[in-house]
Number of protein chains: 2
Amino acid sequence: MPSLLGYALLGLLARRPSTGYDLARRMDRPVGYFWTARHSQIYPELARLESSALVEHVDIDGAGPRQTKRYSPTAAGLRALADWVITDPEPQPERDVEVLRLWSLWTAEPAQAAALVTTIRQRHLNRLAAYEAELAELQDDPTARDRGHPNFASRITLEGGVRARRATVEWLTWLLDEIGSP
Amino acid sequence: MPSLLGYALLGLLARRPSTGYDLARRMDRPVGYFWTARHSQIYPELARLESSALVEHVDIDGAGPRQTKRYSPTAAGLRALADWVITDPEPQPERDVEVLRLWSLWTAEPAQAAALVTTIRQRHLNRLAAYEAELAELQDDPTARDRGHPNFASRITLEGGVRARRATVEWLTWLLDEIGSP
DNA sequence: AGGCGCATGTAAGCCGTTACATGATTCC
DNA sequence: GGAATCATGTAACGGCTTACATGCGCCT
């Protein structure tokens with residue numbers, strides 16, 4: 001059974017065959033919004049997936065001292081992905097550094113607390129704008145309405161991202177008022 | 001400089017001095033909503049914090065073959081916590097297994113997809129109810145209105161949790177409609 | 001007598017980050 | 001000539017999980 005990173009890579013490769021380098025870049029946007037990985041983690045994982053016959057590669061022309069390898073999922077790889085998607089997900093522990101920080105906000109001076117919250121809020125606004133721009137592109141795309149198309153899944157996860165960010169921005173706006181008012 | 005776990009422990013101890021065992025239990029609720037740790041991680045971290053003079057312990061009566069230690073933050077520990085809270089938080093990579101799964105939902109049959117989303121939605125509803133119950137308790141507490149009191153920070157983080165869960169539940173409800181309608 | 005809760009620790013191993021290492025092609 | 005981009009790998013280290021290990025006091 002692949003690791004979570006393995007399923008993330010299978011999800012990427014099922015959308016488009018890629019080199020390891022390309023996968024690393026694609027891990028920024030849009031997958032990077034909820035999953036990230038560095039190339040140093042991706043290359044060994046691709047090797048593991050290949051040894052399990054879930055992906056395969058062909059050598060293509062490219063730069064560099066080594067061969068450039070384009071990976072694709074195998075039929076078994078696509079099956080493994082489809083099986084994993086519907087397995088009952090055990091609730092995994094959440095970790096949120098931002099909230100951990102705000103949970104100790106009572107130790108800070110109100111002025112500094114307000115500055116911190118403003119910074120965090122701006123960061124979420126920027127992320128929200130990025131999500132909205134990507135979602136806008138998909139809205140006109142008919143493939144994003146097809147439940148069996150990757151773009152459908154891209155659209156629904158982006159929709160979730162937009163809603164989550166909006167809720168967070170509203171919360172932080174409320175929080176600024178709580179800090180500011182006596 | 002302590003690790004993030006170290007700041008989580010300092011945040012707990014600043015609210016109430018505790019044994020390592022007690023800290024492990026408190027890591028379920030309410031800190032556990034955004035940060036978790038097992039006792040096997042907590043005991044070594046307490047030792048590290050103590051060697052940095054950020055916490056100290058007194059031996060108290062208790063069960064077990066070893067001495068029972070009650071830890072408290074030192075003045076330096078409280079200062080370290082207060083300093084950390086307002087340092088500019090670099091945006092750290094997000095990881096969300098649920099969203100990663102839904103991002104590959106296009107590979108699943110609509111019926112199975114709907115079942116999965118229903119399960120996840122129920123889980124968020126349960127969590128939302130727990131947050132709301134805790135928040136309700138704090139609403140009547142005047143200390144939760146005092147910006148310098150730990151309960152203030154507990155209240156604002158719970159408020160964020162409630163808002164985030166509500167947004168997620170609304171999203172998943174929307175998603176069920178998207179999957180269900182032809 | 002047995003089970004549960006309190007209480008503290010260590011060890012093995014996985015996952016992930018940062019840093020080290022190499023080298024070709026393309027653009028300025 | 002130099003910098004950026006493409007491209008693939010390895011090594012060291014820290015964080016976290018799972019499992020191992022021990023044993024007292026209380027309740028049934």
Side-chain angles (χ1 to χ4, degrees), chain A residues 1-9 12-13 16-28 31-32 34-52 55 57-71 90-97 100, chain B residues 1-9 12-13 16-28 31-32 34-52 55 57-71 90-97 100:
Chain A
M1 281 197 299
S3 61
L4 291 171
L5 172 62
Y7 290 114
L9 296 178
L12 280 164
L13 293 175
R16 173 159 43 91
S18 300
T19 65
Y21 182 87
D22 193 34
L23 288 170
R25 275 186 314 139
R26 291 171 71 193
M27 277 289 188
D28 288 335
V31 209
F34 48 86
W35 207 264
T36 53
R38 305 300 168 92
H39 76 272
S40 61
Q41 211 188 345
I42 291 171
Y43 288 115
E45 184 63 31
L46 283 172
R48 270 189 293 272
L49 289 173
E50 187 154 49
S51 75
S52 307
V55 303
H57 81 267
V58 288
D59 292 329
I60 58 170
D61 281 358
R66 296 187 192 77
Q67 283 185 321
T68 295
K69 306 171 184 173
R70 174 151 53 217
Y71 286 90
E90 301 185 34
Q92 98 297 1
E94 291 177 64
R95 246 145 230 219
D96 193 322
V97 183
L100 179 65
Chain B
M1 280 197 301
S3 61
L4 291 171
L5 171 62
Y7 289 114
L9 296 178
L12 280 164
L13 293 175
R16 172 159 42 91
S18 300
T19 65
Y21 182 87
D22 194 34
L23 287 170
R25 275 186 314 141
R26 291 172 71 194
M27 276 290 188
D28 287 335
V31 210
F34 47 88
W35 207 265
T36 54
R38 308 297 171 95
H39 76 271
S40 61
Q41 209 188 347
I42 290 171
Y43 288 114
E45 184 64 30
L46 283 172
R48 270 191 294 272
L49 288 173
E50 187 154 50
S51 74
S52 307
V55 303
H57 80 265
V58 288
D59 292 328
I60 59 170
D61 280 359
R66 295 186 194 79
Q67 284 183 320
T68 295
K69 305 172 185 174
R70 174 151 54 215
Y71 286 91
E90 300 185 35
Q92 101 294 2
E94 293 178 64
R95 263 178 203 170
D96 193 322
V97 183
L100 179 65

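First the proteins, then the strands, lettered A, B, ... as listed; each starts at 1.
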Anything under 3.5 Å between a protein N or O and an N or O of nucleotides 16-19 of chain D, put it in a table, one pair a line.
residue : atom : partner : partner atom : Å
D:dC16  : OP1  : A:R95   : NH1          : 3.0
D:dC16  : OP2  : B:Q41   : NE2          : 2.5
D:dC16  : O5'  : A:R95   : NH1          : 3.3
D:dC16  : O5'  : B:Q41   : NE2          : 3.1
D:dT18  : OP2  : B:R38   : NH1          : 3.1
D:dT18  : OP2  : B:R38   : NH2          : 3.3
D:dT18  : O4   : B:S40   : OG           : 2.7

Rounded to the nearest 0.5 Å, what separates atom [atom1] in [X] from atom [atom2] in [Y]?
X: A:W35; Y: A:L4; atom1: CH2; atom2: CG; answer: 4.5 Å
X: A:R95; Y: B:L5; atom1: CZ; atom2: CG; answer: 8.0 Å
X: B:L13; Y: B:R26; atom1: CG; atom2: CZ; answer: 7.0 Å

Figure out the [atom1]/[atom2] separation between [X] and [N], and round it to whole Å.
X: A:M1; N: C:dC15; atom1: CE; atom2: P; value: 11 Å
X: B:R70; N: C:dC6; atom1: CZ; atom2: P; value: 15 Å
X: B:Q92; N: C:dC15; atom1: CD; atom2: C1'; value: 16 Å
X: B:E50; N: C:dG9; atom1: CD; atom2: C1'; value: 15 Å
X: B:D22; N: C:dT8; atom1: CG; atom2: P; value: 9 Å
X: A:I42; N: D:dT10; atom1: CD1; atom2: C1'; value: 15 Å
X: B:K69; N: C:dA7; atom1: NZ; atom2: P; value: 14 Å
X: B:L46; N: C:dT8; atom1: CG; atom2: P; value: 9 Å

Checklist entry - Reckon A:Y43 has a side-chain N or O less than 4.0 Å from the OP1 or OP2 of D:dG9? => result no
Checklist entry - Are A:Y21 and D:dC6 close enough that a side-chain N or O sits under 4.0 Å from OP1 or OP2? => result yes
Item to check | Under the side-chain contact (heavy atoms from CB on, under 4.5 Å) test, residues paired with B:I60 that sit two or more places apart | outcome: B:T19, B:V58, B:T68, B:R70
Item to check | Partner set under salt bridge (charged side-chain N to carboxylate O under 4.0 Å, His left out) for A:R16, not counting sequence neighbours | outcome: A:D22
Next on the checklist: Once side chain to side chain donor-acceptor pair (under 3.5 Å) is applied, do any residues pair with B:R38, and if so which ones, sequence neighbours excluded?
Outcome noted: none
Checklist entry - If each of A:R48 and B:Y71 is mapped to the nucleotide of DNA chain C with the nearest heavy atom, which maps nearer the 5' terminus, i.e. the 5' end? => result B:Y71
Taking distance alone, no hydrogens or angles, what donor-acceptor pairs closer than 3.5 Å link side-chain atoms of residues 42-52 of chain A to residues at least two apart or in another chain?
residue : atom : partner : partner atom : Å
A:Y43   : OH   : A:Y21   : N            : 3.3
A:E45   : OE1  : A:S3    : OG           : 3.4
A:E45   : OE1  : A:R48   : NE           : 3.2
A:E45   : OE1  : A:R48   : NH2          : 3.0
A:E45   : OE2  : A:S3    : OG           : 3.4
A:E50   : OE1  : A:H57   : ND1          : 3.1
A:E50   : OE2  : A:H57   : N            : 3.1
A:E50   : OE2  : A:H57   : ND1          : 2.9
A:S51   : OG   : A:R48   : O            : 2.8
A:S52   : OG   : A:R48   : O            : 3.1

